Amino acid sequence: MSSAVSSALGACGIVTTAEHGNVGIVGVGVMGFAMANNLRAAGFQVFGYDPAKAAKDRLHDIGAIVVGSPREVAEKCRTILFSLPSAKALADSVGGETGVASAPVRETVVIECSTLPLDAKRSAFDVLAASDKIMLDCPVSGTGAQAAQKDLVVFGSGDAEAFDRSLPVMAGMSRVQRYVGVFGNGSIMKYIANLLVTVHNVAAAEALVLGMKAGLPPAMLYDTLADSAGTSRMFQVRGPLMRDSQYDAATATIRTHLKDIEIINGFASGLQCPTPLFAAAAQAYYARAAQGFEMQDTASVCAVMEGMAGLVRDDAVDNRRHRRAEVT
């Protein structure tokens, strides 16, 4: 199936459950839960696993069936989504006595949606292939808030037939599904997308801080620039958080983005490809983490830029006071 057809499938919201009535998910954080919730809304029965009790409770609340291991997910589902935080979590979910590879079934398709180093994904691919299972490399582009609205783009790579067979599942949790070729190309595309996210997010913050330093109201800046030639998707998504200094309800944390930055750094270094804008933009994320705010939304790089400019906003102070009052 062509990328144009697959994109149209997601855009039209066409999901067929006949072949994929059961869908598994391993890893139920912000992104994984949004995927599970959208799949439930699309009519799929979801079987999920996550070691965290809160994640299990979230699955139960949406009518998903919680099981005790990735192996049990594979025993119930022909198609499984992985949304995992680390290479270790991926290795644990694939291998060992409780991993997907140990399930006594064949031709299971694992749609690996995480942003991880390519060598970790290739190792997992080999483990699954040895047990007659197929792994697709399908990172997703979008924030947690976008995931909740099914506004994700899948960068799919790997076995083309397995990709086509899995399209109804991917369309159930994403807006667009792009097939980009051989296994690993999906991750490469995600690294490039996240390079742009890193730069555009800091550029949005820099522009807003320049305007505020000049005395323009944050709301006026956002409303005007968001509809101008200078806008970007990151400006539109994270600009409102920067405008309002609201960073605590994170849809993508500084900590998670620093993990992605390290992956992109390693990938670009291996190719001896210079990324000067990316390297400069990355410093704002490291600075925010060093200030003790690694669990805030990545929009909080705006606070770093404000500090560098010697800017103190009354609305930011008021928002912080309001949040403290709510806690007490």
Side-chain angles (χ1 to χ4, degrees), residues 24-36 48-56 58-59 66-74 80-102 110-128 133 135-144 147 152 154-155 157-158 173 183-184 186-195 197-198 250-270 282 285-286 288-290 293-298:
I25 187 156
V26 176
V28 193
V30 172
M31 298 293 283
F33 175 72
M35 294 175 185
Y49 169 75
D50 193 290
K53 182 181 183 303
K56 295 174 185 176
R58 287 194 294 269
L59 283 173
V66 180
V67 297
S69 69
R71 172 180 171 141
E72 290 183 53
V73 174
I80 306 170
L81 295 163
F82 276 12
S83 181
L84 300 167
S86 68
K88 182 181 185 304
L90 174 58
D92 290 346
S93 297
V94 167
E97 294 181 0
T98 61
V100 168
S102 66
V110 173
I111 305 169
E112 217 302 314
C113 299
S114 320
T115 304
L116 298 171
L118 261 178
D119 58 353
K121 291 206 179 190
R122 285 173 174 147
S123 294
F125 175 94
D126 291 341
V127 171
L128 288 169
K133 298 176 181 64
M135 179 172 158
L136 298 173
D137 173 37
C138 299
V140 294
S141 183
T143 67
L152 296 175
V154 176
F155 300 143
S157 63
M173 59 80 172
F183 187 93
S187 282
I188 294 170
M189 193 68 73
K190 180 61 187 294
Y191 302 159
I192 295 167
N194 274 13
L195 182 150
V197 165
T198 301
T251 60
T253 65
I254 291 287
R255 183 172 72 181
T256 296
H257 198 71
L258 284 175
K259 179 263 293 181
D260 293 355
I261 285 173
E262 293 297 324
I263 293 171
I264 298 166
N265 272 331
F267 179 72
S269 177
Y285 301 87
Y286 288 114
R288 194 57 175 166
F293 298 103
E294 66 173 10
M295 297 310 296
Q296 284 191 336
D297 194 272
T298 54

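Nothing here was measured: the structure is a model prediction, and the numbers come from that model.
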Contact summary for Ala87 and Ala120, nearest pair of heavy atoms: CB-CB, 3.7 Å

Could you tell me which residues satisfy side chain to side chain contact (heavy atoms under 4.5 Å, CB included) with Asp297, sequence neighbours excluded, listed by chain and number? Arg238, Leu241, Ala250, Thr251, Ala299

What's the separation between atom OH in Tyr49 and atom OG1 in Thr98, rounded to the nearest 0.5 Å? 6.5 Å

Correct closest heavy-atom pair for Leu116 and Leu84 would be CD2-O, 4.5 Å

Set of side chain to side chain contact (heavy atoms under 4.5 Å, CB included) partners for Ser187, sequence neighbours left out: Leu118, Lys121, Asp137, Pro139, Tyr191

Check Ala74 against Ile80 and note the closest heavy-atom contact, atom names and distance. CA-CD1, 3.6 Å

Sub-3.5 Å donor-acceptor pair from the side chain of Ser93 to the main-chain atoms of Ala89, do we have one? yes

OG of Ser114 to CG of Leu81, rounded to nearest 0.5 Å, is 10.0 Å

Least distance between heavy atoms, Ser157 atom then Gly184 atom: OG-N, 3.3 Å

Going by heavy atoms in the side chains, are Val127 and Met135 under 4.5 Å from each other? no

Working to the nearest 0.5 angstrom, can you tell me the gap between Thr198 OG1 and Leu258 CG? 9.5 Å

OH/Tyr285 to NZ/Lys259 distance, rounded to the nearest 0.5 angstrom? 14.0 Å

Using side-chain hydrogen bond (donor to acceptor under 3.5 Å, both in side chains) as the criterion, list what pairs up with Thr253, not counting sequence neighbours. Thr256

Heavy-atom pair with the smallest gap, counting every atom of Met31 and Gly142: CE-O, 3.7 Å

Go through the structure and list residues passing side-chain hydrogen bond (donor to acceptor under 3.5 Å, both in side chains) with Arg71, not counting sequence neighbours. Glu75

Nearest non-hydrogen partners of Lys190 and Val140, listed with the distance: NZ-O, 2.9 Å

Please identify each residue that fulfils side chain to side chain contact (heavy atoms under 4.5 Å, CB included) with Val197, with sequence neighbours left out. Asn194, Met234, His257

Residues which pass side chain to side chain contact (heavy atoms under 4.5 Å, CB included) with Ala55, listed by chain and number, not counting sequence neighbours: Val28, Asp50, Ala52, Arg58

Nearest 0.5 Å please: distance from the CD1 atom of Ile188 over to the CD1 atom of Ile264. 12.5 Å

So, do Cys113 and Met173 sit near enough that their side-chain heavy atoms are less than 4.5 Å apart? yes

Side chains of Val73 and Val100, heavy atoms from C-beta outward: is any pair under 4.5 Å? no

Nearest-0.5 Å distance, SG of residue Cys138 to CG of residue Leu152: 12.5 Å

